[in-house]
Engineer: 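Dropping a structure here in structure tokens format, bear with me for questions.
In each ligand, atom 1 is the first atom listed, and ligand 1 is the first ligand listed. Counting from 1, the numbers follow the sequence of the chain as shown.
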Amino acid sequence: MGNFFPRWTNWLPLKVGIAVVFIALGVSICVAYYFTPKYTRVGYEPTQPVPFSHKIHAGQLGLDCRICHSFGEASSHSNVPTNQTCFNCHGQGKGAIRATSPKLELVQKAHETGKSIPWVKVHKAPDYVYFNHSAHLNRGISCVSCHGKVNEMEVVRHDQPQSMGWCLDCHRQPEKNLRPLDYVTKLDFKPSDLKRGEFYKSLLDKKVTAGEIAEVIGGEGAKADGLDAIVALAEKTYGKDVTQKEVGTQLKKHWQIQPPDSCTACHR
Ligand code: HEC
Ligand code: HEC
Ligand code: HEC
Ligand code: HEC
Ligand code: HEC
């Protein structure tokens, strides 16, 4: 009896195996890109142990996000405030706010026992993803781009998919989301809140030349010799109000914003 099948068939299982691995990888990239999280995550709104309202604290009271959420260098641990932050206002004694409210019972108890309140996590990137808040906040991306209008939420919910495709959409067009650093935690900010003259002056103050600014507005060859000429050119191009495109393209160019899109930037 000879070998019934030709020799090359010995390699067939290996070839099929390799092909399957590649297809599986391709499929999972597609799945990561298009499907999973959009449908499973957005809207996720767990019930929290204390009925803490961002609408009251960040909206009505206008407390800055960073009083409670501070993102130091590469802090990858959970960044929800300790009970002491709450107790500063809701503690006992004179002037304490609503100290005896049943809704604040856990805050009082946590103070007595020293145990932290078991807040339920809403957002969680998988372990194989590298994400850093300060790398975004220090480059003019606001909380609202990634978490929605938290200052209007009674209970925090997952507002954006935070999928790979979602990260990349912004990385490829950051100008749609860039704003001056002073407004990163101002969730209701609109570009039209800016005064055109002040915005361009802040760029000139940072040693960007009038000519460089004019080229971003009017394309190659556009010229301006000073602040007034820039403002006139911008008004002609964008209209009366400052627009997101106007702010975003200037900041992208002059802050040299270049979000990475190589696999190893986010999967280290
Ligand atoms: C007074 C303190 C306080 C302030 C001010 C505050 N937060 Fe929070 N934040 C909390 C607490 C406590 C939680 C955890 C409980 C919850 O989810 O409501 C939280 C949770 C969150 C979460 C969900 C975290 C997770 O588990 O994924 C986001 C997003 C968030 N805050 C964004 C903001 C933004 C944006 C602002 C500013 C507009 C802000 N917060 C202001 C206290 C605060
Ligand atoms: C800067 C002061 C301040 C801080 C810090 C603060 N709160 Fe408040 N909180 C308030 C005020 C003011 C109200 C509104 C009270 C009212 O409606 O009369 C309030 C209301 C509340 C209520 C509703 C109470 C009720 O009976 O309706 C809860 C629950 C609460 N806060 C939880 C928290 C938690 C948890 C933290 C810490 C993460 C926190 N607060 C931090 C000032 C603060
Ligand atoms: C570029 C998008 C982006 C921006 C901008 C952003 N976040 Fe997040 N945030 C995320 C992602 C992604 C996670 C999940 C991170 C993880 O699991 O490591 C997250 C998680 C959180 C958490 C959960 C705790 C933690 O650290 O894991 C809090 C609280 C939070 N963000 C608050 C804020 C606040 C407040 C701002 C604005 C000052 C902000 N975020 C801006 C994307 C963003
Ligand atoms: C709304 C816009 C936006 C979204 C959404 C966004 N990014 Fe970014 N990302 C940026 C900008 C802007 C920079 C800064 C680029 C620079 O400094 O030149 C950046 C920088 C980075 C960097 C390089 C800086 C560093 O920390 O090493 C990484 C990594 C990164 N982003 C990961 C992510 C991941 C992961 C997600 C999704 C969970 C995400 N980003 C979502 C805008 C965004
Ligand atoms: C800007 C950041 C970023 C870049 C760049 C990036 N990824 Fe991702 N990737 C993510 C995030 C975030 C997730 C997690 C998605 C989720 O949890 O929904 C992810 C998930 C994945 C998954 C897991 C799929 C699954 O469902 O198990 C694979 C595979 C993957 N990425 C491959 C790649 C490859 C290959 C590249 C280069 C072409 C790449 N990624 C570039 C952010 C990034």
Engineer: What do we get for H136 next to ligand 4 when only non-hydrogen atoms under 4.0 Å count, side chain, backbone, both or neither?
Structural biologist: side chain

Engineer: Below a 4.0 angstrom heavy-atom separation, can you tell me which part of V129, side chain or backbone, both or neither, approaches ligand 4?
Structural biologist: side chain

Engineer: Using a heavy-atom cut-off of under 4.0 Å, does the side chain or the backbone of I141 touch ligand 4, or both, or neither?
Structural biologist: side chain

Engineer: Kindly confirm or rule out an N or O of R268 lying under 3.5 angstrom from an N or O of ligand 4.
Structural biologist: yes

Engineer: Could an N or O of ligand 1 be found under 3.5 Å from any N or O of H123, whether backbone or side chain?
Structural biologist: yes

Engineer: So which bit of H267 gets within less than 4.0 Å of ligand 4, heavy atoms only: side chain, backbone, both or neither?
Structural biologist: neither

Engineer: Could you tell me if any non-hydrogen atom of V144 lies under 4.0 Å from any atom of ligand 1?
Structural biologist: no

Engineer: Would you indicate which of S145, A135, C266, P260 comes nearest to atom 23 (C) of ligand 4 when only heavy atoms are counted?
Structural biologist: P260

Engineer: So, H171 and atom 8 (Fe) of ligand 4: N/O/S under 2.8 Å, yes or no?
Structural biologist: yes

Engineer: Taking the non-hydrogen atoms of V80, is any one of them nearer than 4.0 angstrom to ligand 1?
Structural biologist: yes

Engineer: Return the orientation label for the F71 and H69 ring planes: parallel under 30°, perpendicular over 60°, tilted otherwise.
Structural biologist: parallel

Engineer: Quick one: does Q48 get an N or O within less than 3.5 Å of an N or O on ligand 1?
Structural biologist: yes

Engineer: Where's the contact between W255 and ligand 4, heavy-atom distance under 4.0 Å: side chain, backbone, both or neither?
Structural biologist: neither

Engineer: Quick check: does H54 get an N/O under 3.5 Å from an N/O on ligand 1?
Structural biologist: yes

Engineer: Is the shortest distance from a heavy atom of P259 to ligand 5 less than 4.0 Å?
Structural biologist: no

Engineer: For V122, is at least one N or O under 3.5 Å away from an N or O on ligand 1?
Structural biologist: yes

Engineer: Measure the acute angle between the ring planes of H123 and H158, then classify it against the limits of 30° and 60° as parallel, tilted or perpendicular.
Structural biologist: tilted

Engineer: Give the atom numbers and elements of ligand 1 that come within less than 4.0 Å of a heavy atom of C143.
Structural biologist: 35 (C)

Engineer: Could you tell me the residue and atom name of the protein heavy atom closest to atom 38 (C) of ligand 4, and the distance to it rounded to 0.1 Å?
Structural biologist: C167 SG, 2.8 Å

Engineer: With heavy atoms under 4.0 Å as the rule, classify the contact between F131 and ligand 5 as side chain, backbone, both or neither.
Structural biologist: neither

Engineer: Output the distance between atom NZ (K223) and atom CG (L233), rounded to the nearest 0.5 Å.
Structural biologist: 12.0 Å

Engineer: Hey, is W166 one of the residues with a heavy atom under 4.0 angstrom from ligand 5?
Structural biologist: no

Engineer: Examine H69 and say whether one of its N/O/S atoms is closer to atom 8 (Fe) of ligand 1 than 2.8 Å.
Structural biologist: yes

Engineer: Any non-hydrogen atom of I67 lying under 4.0 Å from ligand 1?
Structural biologist: no

Engineer: Return the residue, atom name and 0.1 Å-rounded distance of the protein heavy atom closest to atom 18 (O) of ligand 4.
Structural biologist: Q258 N, 2.7 Å

